[in-house]
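Remember, it's a predicted structure, so these values are computed and weren't measured experimentally. By convention here, the first residue in the shown sequence is residue 1.
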Amino acid sequence: MTFIPTAPAGRFEIPSIRAFARRFLAGASRMGPTPDQIAARHAFRRTVRLSDRMLDDIGVTRAEVTQAAMLPIHINAAQWLHDTAKKRRLAEAAMLTRGRGRRK
């Protein structure tokens, strides 16, 4: 006869999906960047080679592009650049409209 150990009543817990996902994602982050992330970053780094005039036409500054190129690879540099440039343009527009209201 074989003895099969069992957990005492009320002490056995089934791990939640959230706990499983947390452990899975912690392990996945140690695996390194995916090939898609690497390809996207290489494509983005070509943006750094554009002239200042072309960057101005796009609506970004060289400093923003350089800063985005240095972000960790798990952060989408293109999306970060888009969000940062949009915030800057909105702030500039707000400053211009505030300045117009005070002049008389």
Original post:
Which heavy atom in Gly59 sits nearest to a heavy atom in Ala85, and how many Å separate them?
Top reply: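 Smallest interatomic distance, heavy atoms only, reads O-CB, 3.7 Å.
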Subject >> Residue pair Ile58 / Leu50, side-chain heavy-atom distance below 4.5 Å >> reply: yes
**OP:** Using a 4.5 Å cut-off on heavy atoms from C-beta on, say whether the side chain of Arg89 contacts that of Lys86.
**Re:**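 Side chain of Lys86 against side chain of Arg89, heavy atoms only: contact under 4.5 Å found.
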**OP:** Go through the structure and list residues passing side-chain contact (heavy atoms from CB on, under 4.5 Å) with Gln67, not counting sequence neighbours.
**Re:** Trp80
Subject >> Residue pairs, two or more places apart or on separate chains, that pass salt bridge (charged side-chain N to carboxylate O under 4.0 Å, His left out) and touch residues 61-85 >> reply: Asp52-Arg62, Glu64-Arg88
Result block: side-chain N/O donor-acceptor pairs under 3.5 angstrom for residues 38-45, not counting sequence neighbours:
residue, atom, partner, partner atom, Å
Arg41, NH1, Leu71, O, 2.7
Arg41, NH2, Pro72, O, 3.2
Arg41, NH2, Ile75, O, 2.7
Arg45, NH2, Ala69, O, 3.4

**OP:** State yes or no: do Leu81 and Met54 share one hydrophobic cluster built from I, L, V, M, F, W and Y residues joined by side-chain heavy-atom distances below 4.5 Å, directly or via other members?
**Re:**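 As far as the 4.5 Å side-chain criterion goes, Met54 and Leu81 are connected within one cluster.
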Subject >> Intermediate values then yes/no, side chain to side chain contact (heavy atoms under 4.5 Å, CB included), Thr61 and Leu55 >> reply: CA-CA 6 Å; Thr61 64; Leu55 291 175; over 6 Å; no
Original post:
Just by modelled atom types, is the Thr34 backbone N or O under 3.5 Å from a matching donor or acceptor in the Gln37 side chain?
Top reply: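 Side chain of Gln37 to backbone of Thr34, a donor-acceptor pair under 3.5 Å: yes, one is there.
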